[in-house]
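Read the structure below first, then the notes.
Sequence lines set the chain letters: A, B, ... in the order given, protein chains first and strands last, and positions in each chain run from 1. Because only heavy atoms are used, hydrogens play no part in the values below, and waters and symmetry mates are left out as well, while side chains stay in.
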2 protein chains.
Amino acid sequence: MAARSYGQYCGVTTAVELIGERWSLLIVRDLLVGPRRYTDLRQGLPKIPTNILSARLKELQEGGVVRRVPLLHCGLVYELTPYGRELEPIVLALGRWGFQRMGEPQEDAIVTADSLTMALRTAFQMDAAASLPPADYEVHVADVVLRAQVDGPALRIAQLHPAGRPVDPRAQDRASVDGAADVVFGAGPGIRRLIAGELTPAQAVDEGVVHVLAGEETLIERFAATFHIEGGRA
Amino acid sequence: MAARSYGQYCGVTTAVELIGERWSLLIVRDLLVGPRRYTDLRQGLPKIPTNILSARLKELQEGGVVRRVPLLHCGLVYELTPYGRELEPIVLALGRWGFQRMGEPQEDAIVTADSLTMALRTAFQMDAAASLPPADYEVHVADVVLRAQVDGPALRIAQLHPAGRPVDPRAQDRASVDGAADVVFGAGPGIRRLIAGELTPAQAVDEGVVHVLAGEETLIERFAATFHIEGGRA
DNA sequence: CCGGATCCGAATCGATACTG
DNA sequence: CAGTATCGATTCGGATCCGG
């Protein structure tokens, strides 16, 4: 174990010893969306070997980042501790930083419900949203369906598909998503260019990057204003 | 190379592919202090194998995070690109996060000039400092000597020792550090407890964690108010 | 000295199979 | 469902070596 130490007495070093191993931060990313069972994590991280997932969960527990919570009569879930939840702004900032270097996806690259959820949180412009009317979006990307409800500065995201048996009856995921969304649209990977501002909403619709399935097409503009990542590129 | 991909089209994933390898973020940490030559980085990361340092620098360049800059007649330095410099708030936040879990140092753990510099930046409370008079601290920890000049919301840190041949004549490091500091003090690893608020300034001096070598002892209180990391512990 | 490249054993990771 | 066990493929670490 001492072999994996960086040998420095420093906060950054300690942090990367806690969450710097391969896969660790992606597990944290998914757990930031909500508690997950072992199998959920495996589906959200399809390429992780199971022994590595086990090992990481164990290390994260020892580091006080993750907690294992037994569920009455129905298995157990992993969830972030309060300390682990303090990573949220860091993971969001990293997502914003990495977003700028995402090119076109490799052909085998996938989009998971949790990664898309975090991507929307990453791109959420609270200030812009606060000055816009509430809106309720249903987004389809690959086989993932998300419902993003924006109300002033608040954002709530529910995962409609893949379903994933609700882990907790109190789970908010499905709550209050009974009505219809204001707009339903499908998108391909090119949605990155819309969020990056490389495409105007009109262009995105014209090019077929975004196709409206139901509801008001003009809401795509509000979506683009609400979810945006600056490319402060030189 | 595709073997090291996480197989997801996601900003967080892209980010950890760029800077998630072992040692990468520590190289970034040191480069956030200023441009460094290969040898400087080796000294700042004493336990890094030289082949790994080479490999990481190459990867970081390919990722557009680091740039290699030849110096006229005197070698070359590595420096962060503008994109790499955008990591500063993230690295500082990670340092703050990890700081809370730093226990007592392992016996072989060291403190480097760059890591201590970043630690002070991490702990710097701009708001508190802005409402305090300017102050000029000289801090000795192990064999590192730093000069931290606080002037309102601004913090400037110079590394007085180890010296490290100035990389650029315009380097600010030694500039304007001719006068005497307002207070000079030495500290051991216990300074962590002062910054974490586990120790009052008076206790820190009493326990010998901090010993004033010159100047006004009362400035230790101002130092503690200026450099502080909350332990939002449960 | 600076800026690496090379070699090799040890540790880790990835893929798959298997189990309570 | 929630992991262990196994084993070959990679990567890391430590040391040495090399061209300016």
Side-chain angles (χ1 to χ4, degrees), chain A residues 1-8 16-17 19-27 30-31 35-62 66-79 108 162-168, chain B residues 1-8 16-17 20-27 30-31 35-61 66-79 108 162-168:
Chain A
M1 273 301 171
R4 301 207 61 68
S5 161
Y6 291 96
Q8 300 194 0
V16 302
E17 284 169 0
I19 51 150
E21 297 292 311
R22 198 163 159 73
W23 294 104
S24 289
L25 208 60
L26 300 185
I27 293 171
D30 283 7
L31 290 180
R36 291 290 181 264
R37 34 181 108 241
Y38 186 89
T39 316
D40 299 331
L41 290 169
R42 256 177 71 168
Q43 288 180 354
L45 273 3
K47 295 185 60 175
I48 195 173
T50 68
N51 55 344
I52 299 293
L53 178 54
S54 291
R56 292 298 174 268
L57 287 170
K58 206 163 295 174
E59 294 159 11
L60 290 170
Q61 285 173 74
E62 284 164 9
V66 162
R67 184 159 52 193
R68 198 177 198 262
V69 181
L71 253 41
L72 298 166
H73 303 107
C74 28
L76 57 92
V77 291
Y78 294 89
E79 66 176 20
D108 64 331
R165 169 173 42 137
V167 128
D168 182 336
Chain B
M1 272 302 170
R4 302 208 60 69
S5 160
Y6 290 97
Q8 300 193 0
V16 302
E17 283 169 0
E21 297 291 311
R22 198 163 159 73
W23 293 106
S24 289
L25 207 60
L26 300 185
I27 293 171
D30 283 7
L31 291 180
R36 292 288 182 266
R37 38 181 104 241
Y38 187 88
T39 316
D40 299 332
L41 290 169
R42 260 177 65 169
Q43 288 180 351
L45 273 2
K47 294 186 60 175
I48 195 173
T50 70
N51 56 341
I52 299 294
L53 178 55
S54 291
R56 293 296 175 267
L57 287 170
K58 207 164 295 175
E59 295 159 12
L60 289 170
Q61 285 173 76
V66 162
R67 184 159 51 195
R68 197 178 200 263
V69 181
L71 253 42
L72 298 166
H73 303 107
C74 30
L76 57 94
V77 292
Y78 295 90
E79 67 177 19
D108 64 331
R165 168 172 41 137
V167 129
D168 182 337

Open item on the list: Could you report the tightest heavy-atom contact between A:Arg56 and A:Arg22, atom names first, then the distance?
Closed with: NE-O, 2.7 Å

TODO: Report the distance from atom OH of A:Tyr78 to atom P of D:dC1, rounded to the nearest whole Å.
DONE: 14 Å

Open item on the list: By nearest atom, which of the nucleotides D:dG3, C:dC2, D:dC12 is closest to the B:Ile52 side chain?
Closed with: D:dC12

- [ ] Using whole Å, report how far CD of B:Glu17 lies from P of D:dT11.
- [x] 14 Å

Task: Heavy-atom check, side chain of B:Tyr38 versus side chain of B:Leu57, under 4.5 Å - done: yes

Task: Spacing of A:Glu59 atom CD relative to D:dG3 atom C1', expressed in whole Å - done: 15 Å

TODO: Please report, rounded to the nearest Å, how far the C1' atom of C:dG4 is from the CG atom of B:Asp40.
DONE: 15 Å

Open item on the list: Classify B:Leu76 by what it touches in the nucleic acid, base, sugar-phosphate, or nothing, heavy-atom distance under 4.0 Å.
Closed with: sugar-phosphate

TODO: Verify the contact: side-chain N or O of B:Arg37 to OP1 or OP2 of C:dG4, cut-off strictly under 4.0 Å; return yes or no.
DONE: no

Task: Interatomic distance where OH belongs to B:Tyr38 and P belongs to D:dG19 [whole Å] - done: 17 Å

Task: Interatomic distance where CG belongs to A:Leu60 and C1' belongs to D:dG3 [whole Å] - done: 16 Å

Task: Minimum heavy-atom distance B:Arg37-B:Leu71, with the two atoms named - done: NH2-CD2, 4.4 Å

- [ ] Return no unless some side-chain N or O of B:Trp23 is found under 4.0 Å from OP1 or OP2 of D:dC12.
- [x] no

Open item on the list: Does a side-chain N or O of B:Arg4 approach OP1 or OP2 of D:dT11 to a distance below 4.0 Å, or not?
Closed with: yes

Open item on the list: Tell me the closest heavy-atom pair linking B:Gly7 and B:Ser5, and the distance in Å.
Closed with: N-OG, 2.9 Å

TODO: Could you tell me the separation between the CG atom of B:Leu71 and the C1' atom of C:dG3, rounded to a whole number of Å?
DONE: 14 Å

- [ ] By nearest nucleotide on DNA chain C, pick out whichever of B:Lys58 and B:Gln43 is the more 5' one.
- [x] B:Gln43

Open item on the list: Measure CG/A:Leu41 against P/D:dC1 and give the value in whole Å, please.
Closed with: 13 Å

- [ ] With DNA chain C as reference, determine whether A:Asn51 or B:Arg42 sits nearer its 5' end, using the nearest nucleotide of each.
- [x] B:Arg42

TODO: Please work out if A:Ser54 contacts a base, only the sugar-phosphate, or nothing of the nucleic acid, heavy-atom cut-off 4.0 Å.
DONE: base

TODO: Quick one: label A:Thr50 by what it contacts on the DNA or RNA (base, sugar-phosphate, nothing), any heavy atom closer than 4.0 Å.
DONE: base

- [ ] Start with the C-alpha gap between B:Lys47 and A:Gln8, add the side-chain angles, then the distance that decides, and say whether side-chain contact (heavy atoms from CB on, under 4.5 Å) holds.
- [x] CA-CA 9 Å; B:Lys47 294 186 60 175; A:Gln8 300 194 0; over 6 Å; no

Open item on the list: Looking at A:Arg22, I'd like to know whether one of its side-chain N or O atoms comes within less than 4.0 Å of OP1 or OP2 on D:dC12.
Closed with: no

